[in-house]
Amino acid sequence: MENKNFIRTIIETDLKNGKHDEIVTRFPPEPNGLLHLGHARAIIMNYILSKDYGGRFNLRFDDTNPVKEDTIFVEGIKKDIAWLGCHWDALYFASDYFEEMYQRAMLLVKRGKAFVCDLSAEQIKLHRGDFDNPGKESPYRDRSIEENIRLFEAMRNGEFADGAKVLRAKIDMAHPNINMRDPVIYRIQRAHHHNTKDAWCIYPMYDFAHPLEDAIEGITHSLCSLEFEDHRPLYDWFVKHCEMEQVPRQIEFGKLNIANQIMGKRLIRKLVEAGTVDAWDDPRLITLSALRRRGVPPLAIHDFVKALGLPKSEGHTEINMLDEFIRERFKVSAKRIHAVIDPVEVVLTNYPEDKTETLTAPLNRENEALGSRELTFSNTLYIEREDFLEEKPNKKWKRLSLGIEVRLMHAYFIKANTVDYDANGNVKTIYATYDPETKSGSGFNERKPNGNIHFVDAKTAKPAEIRLYEDLVIPDDDAQPIEEKINTDSKQVKYGFIESGITPQERESFQFTRLGYFTLDEDTTADRLVFNRTVALRSSFKPKR
RNA sequence: UGGGCUAUAGCCAAGUGGUUAAGGCAUCGGACUUUGACUCCGACAUCGAAGGUUCGAAUCCUUCUAGCCCAGCCA
């Protein structure tokens, strides 16, 4: 369920008062990196706010700084947003508007609202003043309109070196909001742009470009994060003085931060280079590509974002909140099958050596529509190593022990009798007997087993590589830097088996009974199944001591 | 120290003068169970602090405290 939020209230008021007939939102990423879970709030909220009120949603790349941007990021971002199911009504690039932006800047010049400044970057900084002191006006501030027109044209025509001149808005060097102290709106930068190639040598700054982009597209509600709050006066100033026909409204909300997760680009890069994680889509990360690879259903991310709402406060949400939405999405949709990820052999001494039988079991007891599958059963099985302890440790132990009887789910009761060890003293084979009377579905009711465990038939089971992930960051109360809390041993690779009757489809997710939800990884080949653990099952089991 | 924000449970988050202060996650009990799952029941808040206004305040006023953002030719 979605939490109500103040932006909905604003939209509903605007609709009711007839300020707008249609709501138009946008998600404006800069193509300079990949998206992560934190971006999902902005994407999904912009999307559903437009859809809920029958409006439109644009994807617009805010590509005004060619030195940082690349087309490979535009492709990656498009893929991630499409995966989330947030279909954009239109795809735009800020760079498509460069000519109009230039004309609007020229309008500012002609109105005496902007001037060409020859000060160096360093001098501009010095003139800007600081929190306690007003700035000083640029000596070039009073150039004539004619000269400014000529100079700005010359900037565009490439007559000056990079950085030699800038175009600045003429506002107020004494303004308490530093953003209003004659901000730079165009810089000279000879850089190859991924979209406009070498057509331009001047590029607009964010503060100038963004409100124009929104106005050009007829965006009604321009959502952004809190740090732009004190840019809003400038945003409004540009919309007004550039004489834009449509007037968008900027509304700020709090960024979605996730506690104990690596979000920063440079840190991720470092971890990838150090081999601590495998790649940008390593399932221990929370980039959207990593979540996709881990097998997280996109709708679970929608549920998560909606539950969080759109507050103006900023906290650190715990990731386990997402886990619960993932389980909820899988609960009735995923097939529930048997897999043993840390196998130990069980031999049934009273079951015919050459016999194999077929048992039928439902694929999901909470969703009969999924049908059933056939399980094979023989005298040699695998069970989970942790499901056996020679001696029952306490009355809470609901698994197998010597002399103790458990039910193999969808099969028979078995009782462990003796055990063999390998050279290291680890259990190698458990010898057990089964009771044919206890077959599942027979209605046998004479006695209760000491629990239910899962198994696979050793003679037919399919081998599988299973990757288990733990927290990449070790939660810690101490406020030490996150890079010092990296769990370098957070990935475990197991070699186990899944039941024979199952042929997983590409990226298919399953519940491995009693273990969790697992999704087929793209590393799977014709002769090697590879699964990622998407999320474990909840468990109230607490091992004693 | 200038400007802009934020503060409700361990973590999120509704609430906009009259409610027993929603809901989710986590935690702790208990029931049920062919998944120690699911489901179901139950527990869990002196609303950052102090004053004030009011019959009545998380909501209004005052003062204070804590935290975040801003001095790029980044976005």
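In the text below, chain A, chain B and the rest are named by the order of the sequence lines, each starting its count at 1.
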- Message: Are A:I178 and A:R128 packed together at the side-chain level, in the sense that at least one heavy-atom pair is separated by less than 4.5 angstrom?
- Response: yes
- Which base sits across from B:C32 as a Watson-Crick or G-U pair, both distances under 3.5 Å? none
- B:C25 to B:A21 separation - P atoms, rounded to the nearest Å: 22 Å
- Message: Expressed as a whole number of angstroms, how long is the span from A:L363:CG to B:A37:P?
- Response: 22 Å
- Pair A:D435-A:K415, salt bridge (charged side-chain N to carboxylate O under 4.0 Å, His left out): steps then yes or no: CA-CA 8 Å; A:D435 179 351; A:K415 184 193 278 186; over 6 Å; no
- Atom-to-atom span, NZ of A:K4 to P of B:A14 - whole angstrom: 11 Å
- Query: Of the candidate nucleotides B:G23, B:G2, B:U34, which contains the atom at the shortest distance from the side chain of A:M409?
  - Reply: B:U34
- Query: Could you give the CG-to-C1' distance, from A:L400 to B:U34, as a whole number of Å?
  - Reply: 16 Å
- Out of curiosity, A:L167 CG to A:F115 CZ, how far, rounded to the nearest 0.5 Å? 8.5 Å
- Do A:T534 and A:T519 get their side chains close enough for a donor-acceptor pair, meaning under 3.5 Å? yes
- Pairwise C1' distance for B:C12 and B:A26, with rounding to whole Å: 11 Å
- Message: Rounded to whole Å, how long is the line connecting atom CD of A:E366 with atom P of B:U39?
- Response: 7 Å
Atom pairs, N/O to N/O, protein against nucleotides 24-30 of chain B, distance under 3.5 Å?
| from | atom 1 | to | atom 2 | distance (Å) |
| --- | --- | --- | --- | --- |
| B:C25 | O2' | A:N320 | OD1 | 2.9 |
| B:A26 | OP2 | A:R538 | NH1 | 3.0 |

- Query: Using a cut-off of 4.0 Å on non-hydrogen atoms, how would the nucleic acid contact of A:Q511 be classed: base, sugar-phosphate, or nothing?
  - Reply: base
- Sole residue of A:F512, A:F518, A:Y517 in ring-ring contact (aromatic ring centres under 6.0 Å, His included) with A:F531: A:F512
- Note on the structure: Each nucleotide of nucleotides 68-75 of chain B classed B (base within 4.0 Å of a protein heavy atom), S (only sugar-phosphate) or -, in 5' to 3' order, makes -BBBSBBB
- Pairing of A:D323 and A:R538 as salt bridge, 4.0 angstrom limit: no
- Item | Pairing residues for A:H39 by the ring-ring contact (aromatic ring centres under 6.0 Å, His included) criterion, not counting sequence neighbours | A:H36
- Task: Can you tell me the pairing partner of B:G72 across any strand shown, Watson-Crick or G-U wobble, with both distances under 3.5 angstrom?
- Result: none
- Partner set under salt bridge (Lys or Arg N to Asp or Glu O under 4.0 Å) for A:D80, not counting sequence neighbours: A:R292
- Query: For B:U1, which nucleotide is its Watson-Crick or G-U wobble mate, given both distances must be under 3.5 Å?
  - Reply: none
- Rounded distance (Å) that lies between atom C1' of B:U34 and atom CZ of A:R399: 15 Å
- Query: Do A:L151 and A:F160 have side-chain heavy atoms sitting under 4.5 Å apart?
  - Reply: yes
- Note on the structure: Out of B:U34, B:G36, B:C12, minimum distance to the side chain of A:R365 belongs to B:U34
- Re B:U20: Watson-Crick or G-U wobble partner, both distances kept under 3.5 Å, found to be none
- Between the side chains of A:R407 and A:T438, is a donor N or O closer than 3.5 angstrom to an acceptor N or O? no
- Query: For A:K306 and B:A14, what is the distance between atoms NZ and P respectively, to the nearest whole Å?
  - Reply: 16 Å
- Message: Taking the minimum atom-to-atom distance to the side chain of A:H316, which one of B:C5, B:C12, B:U33 wins?
- Response: B:C12
- Query: A:N364 CG to B:A37 P: how many Å, rounded?
  - Reply: 16 Å
- Item | Residue-level proximity of residues 439-456 of chain A to RNA chain B when a heavy atom falls under 4.0 Å | A:S440, A:G441, A:N452
- C1' atom, B:U53 versus B:G17: distance in rounded Å? 12 Å
- Message: For the P atoms, the ones on B:C55 and on B:C11, what distance do you get once it is rounded to whole angstrom?
- Response: 38 Å
- The glycosidic conformation of B:G15, counting syn as within 90° of 0 and anti otherwise, is anti
- Paired nucleotide for B:U6 [Watson-Crick or G-U wobble; both distances under 3.5 Å]: B:A66
- Query: Is A:T317 touching bases, backbone alone, or none of the nucleic acid, heavy atoms closer than 4.0 Å?
  - Reply: sugar-phosphate
- Message: Quick test of your reading of the model: are A:E386 and A:R399 salt-bridged, counting only N-O distances below 4.0 Å?
- Response: yes
- Message: Is the shortest side-chain heavy-atom distance between A:K439 and A:F377 below 4.5 Å?
- Response: no
- Message: For the C1' atoms, the ones on B:U54 and on B:G18, what distance do you get once it is rounded to whole angstrom?
- Response: 12 Å
- B:C68 and B:G30, which share atom name P, separated by this distance in whole Å: 42 Å
- Task: Could you give the distance separating B:C61 and B:C73 at their P atoms, to the nearest angstrom?
- Result: 38 Å
- Message: I need the CZ-P distance between A:R181 and B:G2, as an integer number of Å.
- Response: 13 Å
Distance-only donor-acceptor hits, side chain of residues 4-11 of chain A, under 3.5 Å, sequence neighbours excluded:
| from | atom 1 | to | atom 2 | distance (Å) |
| --- | --- | --- | --- | --- |
| A:N5 | OD1 | A:I7 | N | 3.1 |
| A:N5 | OD1 | A:R8 | N | 2.9 |
| A:N5 | ND2 | A:E2 | OE2 | 3.3 |
| A:R8 | NE | A:E2 | OE2 | 2.9 |
| A:R8 | NH1 | A:D52 | OD2 | 3.3 |
| A:R8 | NH1 | A:Y53 | OH | 3.1 |
| A:R8 | NH2 | A:E2 | OE1 | 2.7 |
| A:R8 | NH2 | A:E2 | OE2 | 3.2 |
| A:R8 | NH2 | A:D52 | OD2 | 2.6 |
| A:T9 | OG1 | A:N5 | O | 3.4 |

- Message: If I pick the C1' atom on B:A7 and the same atom on B:C40, what distance separates them, to the nearest angstrom?
- Response: 36 Å
- Task: Flag the pair A:Y186 / A:M101 as yes when at least one side-chain heavy-atom distance between them is below 4.5 Å, and no otherwise.
- Result: yes
- Item | For B:C60, the Watson-Crick or wobble counterpart (both distances under 3.5 Å) | B:G52
